[in-house]
Amino acid sequence: MGTNVSLEDKFQSYVDAEKKVEPKNWMPEKYRRTLIRQISQHAHSEIIGMQPEANWITRAPSLRAKLILLAKVQDEAGHGLYLYSSAETLGEPRDKMIADLQSGKAKYSSIFNYPTPSWADMGTIGWLVDGAAIQNQVMLTRTSYGPYARAMVKICKEESFHQRQGYEVVMKLTQGTPEQIEMAQESLNRWWWPSLMMFGPSDDNSPNSEQSMLWKIKRKSNDTLRQEFVDKTVPQAEYLGLTIPDKDLVWNESRGHYDFGDINWDEFYQVVKGNGPCNKERIAHHVKAHEDGAWVREAANAFAEKQAKRKNKEASAA
Amino acid sequence: MAGGWLNGVKRDFTSEEALKEYFFFLADDALMLGQQLSKWCSKGPVLEQDIAIINTSLDHIGRARLLYQELAKMEGGAVTEDTLAYFRDHLKFRNALLLEQPNGHWGDTIARSFFFDTFNFYLFDKLRSCSNKTLAGVAEKALKEVSYQAQWSAEWVIRLGDGTDESHHKMQESINRLWMWSGELFEAHPMFDMLDDSFVRFESLREVWLHKTGEVLKEATLVIPSPELWMQTGGRYGIHTSELGFILAEMQSLARTHPEATW
């Protein structure tokens, strides 16, 4: 027991000294579990997040827009892969993470449980959802776990590119026909509040936050990040000539920040619990692809085994 | 003048018309396959293959754009790459029927790609020395991509053919099912006599294609269907299968709902 305490103390001072934790270092079991939960959740968000955008690839209204969207979704798949590998450095196999996603044990960002009925959503998601993600991920480039921090540096670069592309899609709409302008505003109306919810519960209701801050996994609170996002986004909406759907939104001179209205936390918790418009659809889609591909994966494994045997045979014959 | 087909009607072609047709064949093939492959996004058998197939789709659509841009220049006026992709109807599309066949399961998609990629590899390899500078440039740029694609689909044919009993059976069925669409790739088109010899004649690639696909299928322990079997035709004349209507309806819906919009 005494040894344990001193190991944990040592770990804390190591982290306090802003040193990165690497896979081979000793770490508290709870630190490891927290990271696996968070990194796999992040990976799942990238993977499930492909669906609402893939929904528009076949209908993208110009070839250029189609290419940009395809490339974006490909990046997300790449991020997912990169993050799964990052979580595997903590000893969690990818198969297990996928199984936990499909059983509902593991979560992913709730924002992807909303539908994408409009092309404008391809812009709004880039602008707001990727924008909110970046707010969080820039902080994570300094997270205490080395492989995660390094993954975030690479991912952040691509995410900020996505955000600019998303903003460009919305900008083109707002400079377009009356129908296009309407499309952009309607999309913003639907995504604004769910985007604010992406930062998670308010600080007094965020059970995991305190320990994560102490271990420097997380470096800013949910409410701080949310405020930064609002402050950054309001002028962007103004520039586009779009109205943020919040009647309480106002610049507060004394705080030096925007005040904004109350978030509907009932909706947030319901969507997290599985009652959003697309929760069931997203998981069913993932499960179907996985099951449809089972014979393909089995064939690939069987072929690889045959190849290995043939090689061994050749080697022993030689 | 040399004979050809325009929108289902047989007629004589000028060399300028023949050149456009040549570009449309290549551009529409690329767009169609790119569009079909993009439907796999988020549905692949494993994440790595999701990435691979999206990448391939990107290559095809990227190549289609370069070819449509050149066609837009030839057509002049208000024609753009997007009016060509989004505002032509089925009668104007020149893609081979193979490429509008549905994705089906992974083996079907692989068989379709395998037939086309192998053709495409030999085609673009030769087109690098085309007298048309744009086409030669596109071919130079595309060769690395199409080589990778031909390798990717051939490897999957082998893996599935020589994998499990189930995959062997499925892959054989896919090859058999799609075989009758492969012959159209090698049809002779008299209108291309209006172009010089550096515009590869598709029929000239048939032998090398049969040899290569035969080799791969053999390695995959699969039976090679007879090249003498009846082959379907029509795509190069603008006469398509029912599938194309649905592909275009989906692809063109948003652009056509807002014909005045730019995106």
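Order of the sequence lines fixes the chain letters, A, B, ..., with proteins taken first and strands second; residue numbering starts at 1 for each chain.
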To the nearest 0.5 Å, how far apart are [atom1] in [X] and [atom2] in [Y]?
{"X": "B:L58", "Y": "A:L70", "atom1": "CG", "atom2": "CG", "value": "4.5 Å"}
{"X": "A:Q307", "Y": "B:D162", "atom1": "CD", "atom2": "CG", "value": "7.0 Å"}
{"X": "B:N55", "Y": "A:Q74", "atom1": "CG", "atom2": "CD", "value": "4.5 Å"}
{"X": "B:I51", "Y": "A:L81", "atom1": "CD1", "atom2": "CG", "value": "5.0 Å"}
{"X": "B:C41", "Y": "A:L69", "atom1": "SG", "atom2": "CG", "value": "8.0 Å"}

**Request:** Check whether any side-chain N or O of A:K172 sits under 3.5 Å from a backbone N or O of B:T262 as a donor-acceptor pair, and report yes or no.
**Result:**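 No, the answer is negative, given that no donor and acceptor are paired below the 3.5 Å cut-off.
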**Message:** So, using salt bridge (charged side-chain N to carboxylate O under 4.0 Å, His left out) as the criterion, who are the partners of A:R164 when residues are at least two apart?
**Reply:**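 By the salt bridge (charged side-chain N to carboxylate O under 4.0 Å, His left out) rule, A:R164 matches no residue at all.
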Could you list which of [range] have a heavy atom closer than 4.5 Å to any heavy atom of chain B, in residue-number order?
{"range": "residues 276-292 of chain A", "result": "A:H285, A:A289"}
{"range": "residues 106-125 of chain A", "result": "A:W119"}
{"range": "residues 44-68 of chain A", "result": "A:I47, A:M50, A:Q51, A:A54, A:W56, A:I57, A:T58, A:R59, A:A60, A:P61, A:S62, A:L63, A:R64, A:K66, A:L67"}

Between [options], which has the largest tally of heavy atom pairs under 4.5 Å with chain A?
{"options": "B:H105, B:H168, B:Q49", "answer": "B:H105"}
{"options": "B:E250, B:R256, B:M251", "answer": "B:E250"}
{"options": "B:Q35, B:Q252, B:M171", "answer": "B:Q35"}

Quick one: does [X]'s side chain get under 4.5 Å of [Y]'s, heavy atoms only?
{"X": "B:V46", "Y": "A:R94", "value": "yes"}
{"X": "A:W295", "Y": "B:L160", "value": "yes"}
{"X": "A:F303", "Y": "B:T164", "value": "no"}

Check each atom of [X] against the heavy atoms of chain A and say whether the ones under 4.5 Å are side chain, backbone, both or neither.
{"X": "B:I158", "answer": "both"}
{"X": "B:A261", "answer": "both"}
{"X": "B:W156", "answer": "side chain"}

**Request:** Would you mind checking if B:E48 and A:R297 are paired as a salt bridge, meaning a charged N to carboxylate O distance below 4.0 Å?
**Result:**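 Not counted as a salt bridge, because no side-chain N and carboxylate O are separated by less than 4.0 Å.
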**Message:** For A:Q180, which atoms come within 4.5 Å of any heavy atom of chain B: side chain, backbone, both, or neither?
**Reply:**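 Side chain only.
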How about [X]: does its [atom1] atom have over 12 heavy atoms from other parts shown lying under 6.0 Å from it?
{"X": "B:D165", "atom1": "CG", "value": "no"}
{"X": "B:K39", "atom1": "NZ", "value": "yes"}
{"X": "A:E179", "atom1": "CD", "value": "yes"}
{"X": "B:F87", "atom1": "CZ", "value": "yes"}

